[in-house]
Amino acid sequence: MTRRLCSLPRQPVPSFAAGLTAERLGALLAGRRMWVNGTVLHYCFLDARTDASVIPVPGTGEPRRVPWAGGQGQREVVRDCFREWQDLGIGVTFAEVADRHEAELRIGFQAGAGSWSAVGRDALSAGRGERTMNLGWDVTAPGERGTVLHQIGHALGMVHEHQSPYAGLHWDDEAVYAELAGPPNFWSRETTYTNVLGRLDACEAGASVWDPQSVMTLPLGPGLVLEPEQYRGGLRPPGSPSPADKEFVLRWYPPAGPAGPAALVPFRSVPLGLGPGEQADFAVEPPETREYTVGTFGEADTVLVVFEERDGEPRFLTGRDDGGTPDNAAVRVRLVKGRRYTVRVRLYSTWGSGETAVMCW
């Protein structure tokens, strides 16, 4: 029996300037969707009263309103799955909010619209009235918890593991197209290619070794894989984060250390000394209320994000990703005396001298 599967929409190929070295381009591809560590990802469930899609009724073409809201049981499964990821000890945390304008992740339950999620920071490009995740069938049913864990994996920046170039899977392409064109998925050839047959760039893969037990591997039945022989009977991941999944998310989102962020004092630059994928955090307590510039220096690709502490929790204010450009990441932001701010800088790669620094002025 074919299961319902995650159906990510096709995304445009990322565009970077010509002439980038392979090392620099690889670092950009690997980290472009990952959040800075220490981010609090706020999620909300969309409302039946206001949130819906209007679709034509088959046969008549008459518009029909299909709500995005889910029942309490479905919401509780999602909450529990967020807790499961959180309990791995990762440095990104999740918080439920009622107001969609406070939420980076907005979750709908439109039946028949498939299950999918924006991947990592791609969620920030969706409008505040748009979903960043949809769960298109009853996730309280037996065996469907893995669907939710899979979509949260996408929200953390993880991609489909079975599409890793290291998997070495030789598919019977036409059998895959035929299988997924039928019930219960009814996928087009493009959707099947995007979610199953297309291979990721090696830099986008979670590791250099394929993990068939990953929660990011789709469960697929027999007769679709030709080689290796051991997978001719299908792909059967257990539907929960594997040890390799845990290793991946802890590498990108390690738990916070006991020391806390260093102070970033206006007009005093601080050397970064970061390696690819590493991050430095700084606390800013402005001596006066005014507009400040916070920026990096040096020959490097970085992501810089400024958070304001509200009720003990960092809230996103502004950020800049200078990846693949000759510029440095810099933002102009109003800081208020008596409030506390956190600046997080994550490095993609360096070139030239490799010396980098951050300053607030």
Side-chain angles (χ1 to χ4, degrees), residues 5-37 90 116-122 150 153-173 176 190-218 220 224-231 235 237 241-254 274-279 300-303 321-325 346-351 354:
L5 303 175
C6 168
S7 54
L8 297 184
R10 184 178 181 180
Q11 298 296 320
V13 176
S15 176
F16 298 109
L20 299 184
T21 64
E23 179 183 3
R24 189 176 173 192
L25 183 59
L28 292 169
L29 287 171
R32 65 192 175 93
R33 289 164 155 173
M34 308 306 289
W35 304 94
V36 294
N37 199 30
I90 60 177
W116 49 266
S117 172
V119 179
R121 286 193 286 145
D122 286 352
H150 179 100
H154 281 316
L156 285 167
M158 301 175 75
V159 292
H160 281 156
E161 181 67 13
H162 55 278
Q163 294 182 271
S164 167
Y166 303 110
L169 295 174
H170 180 198
W171 300 93
D172 183 336
D173 290 10
V176 176
E190 180 181 290
T191 299
T192 297
Y193 184 83
T194 298
N195 288 277
V196 179
L197 298 177
R199 288 190 178 181
L200 299 169
D201 186 280
C203 300
E204 294 181 282
S208 58
V209 178
W210 179 48
D211 176 21
Q213 300 302 303
S214 171
V215 75
M216 305 311 295
T217 294
L218 291 184
L220 292 160
L224 305 182
V225 174
L226 298 175
E227 300 291 341
E229 184 178 352
Q230 69 201 83
Y231 298 113
L235 303 180
S242 69
D245 291 332
K246 180 177 180 179
E247 181 182 342
F248 176 85
V249 292
L250 286 174
R251 184 169 74 247
W252 281 100
Y253 307 122
L274 298 173
E278 293 181 344
Q279 180 174 314
D301 292 312
T302 57
V303 179
D321 184 335
D322 70 359
T325 74
R346 169 162 269 166
L347 183 83
Y348 288 116
S349 63
T350 60
W351 63 95

Any heavy-atom pair between the side chains of [Y] and [X] that's under 4.5 Å?
X	Y	result
Leu28	Leu20	yes
Leu274	Thr350	no
Val196	Trp171	yes
Gln213	Pro237	no
Leu8	His160	yes
Cys6	Leu218	yes
Pro228	Leu169	yes

Requested in this report: State whether Arg32 and Asp321 are salt-bridged, where the test is any N-O pair (Lys NZ or Arg NE/NH1/NH2 against Asp/Glu carboxylate O) under 4.0 Å.
Outcome: no
Query - Lys/Arg N to Asp/Glu carboxylate O, Arg346 vs Glu278, below 4.0 Å - result: no
Query raised in the report: More than 12 heavy atoms of other residues, nucleotides or ligands under 6.0 Å from CD of Gln230: is that the case?
Result: yes
Requested in this report: Verify the neighbour count for atom CD of Glu227: are there more than 12 heavy atoms of other residues, nucleotides or ligands below 6.0 Å?
Outcome: yes
Requested in this report: Run the numbers on Ile90 and Leu250 for side-chain contact (heavy atoms from CB on, under 4.5 Å), then give the verdict.
Outcome: CA-CA 6 Å; Ile90 60 177; Leu250 286 174; 4.0 Å; yes
Looking only at non-hydrogen atoms, find the nearest pair between [X] and [Y] and report the distance.
X	Y	value
Val119	Arg33	CG1-CD, 3.6 Å
Leu347	Ala300	CD1-CB, 3.7 Å
Cys203	Gly26	SG-CA, 3.2 Å

Measure from the side-chain N and O atoms of [X] to the backbone N and O of [Y], and report whether any donor-acceptor pair falls under 3.5 Å.
X	Y	result
His162	Asn195	yes
Asp211	Ser242	no
His154	Ser117	no
His170	Leu226	no
Gln163	Gly198	yes
Glu190	Arg10	no
Trp252	Asn37	no
Asp301	Gly324	yes
Asp322	Thr302	yes
Tyr253	Val36	no

Query raised in the report: Are Leu220 and Val225 close enough, and set up right, to give a side-chain contact (heavy atoms from CB on, under 4.5 Å), and what steps lead you there?
Result: CA-CA 9 Å; Leu220 292 160; Val225 174; over 6 Å; no
Requested in this report: With Met158 as reference, evaluate Met216, His150, Met34 under the side chain to side chain contact (heavy atoms under 4.5 Å, CB included) test and give the passing residue.
Outcome: Met216
Query - CH2 on Trp35 to CD on Gln279, rounded to 0.5 Å - result: 13.5 Å
Requested in this report: State yes or no: are the ring centers of Tyr231 and Trp210 separated by less than 6.0 Å?
Outcome: yes
Report task. Apply side-chain contact (heavy atoms from CB on, under 4.5 Å) to the pair Phe16 and Leu25, showing each step before the final yes or no. Result -> CA-CA 8 Å; Phe16 298 109; Leu25 183 59; 3.4 Å; yes
Query raised in the report: Yes or no on side-chain contact (heavy atoms from CB on, under 4.5 Å) for Tyr348 and Val303, after CA distance, side-chain angles and deciding distance?
Result: CA-CA 8 Å; Tyr348 288 116; Val303 179; 3.6 Å; yes
Report task. Classify the side-chain pair Asp245/Ser214 by whether it contains a donor and acceptor separated by less than 3.5 Å. Result -> yes
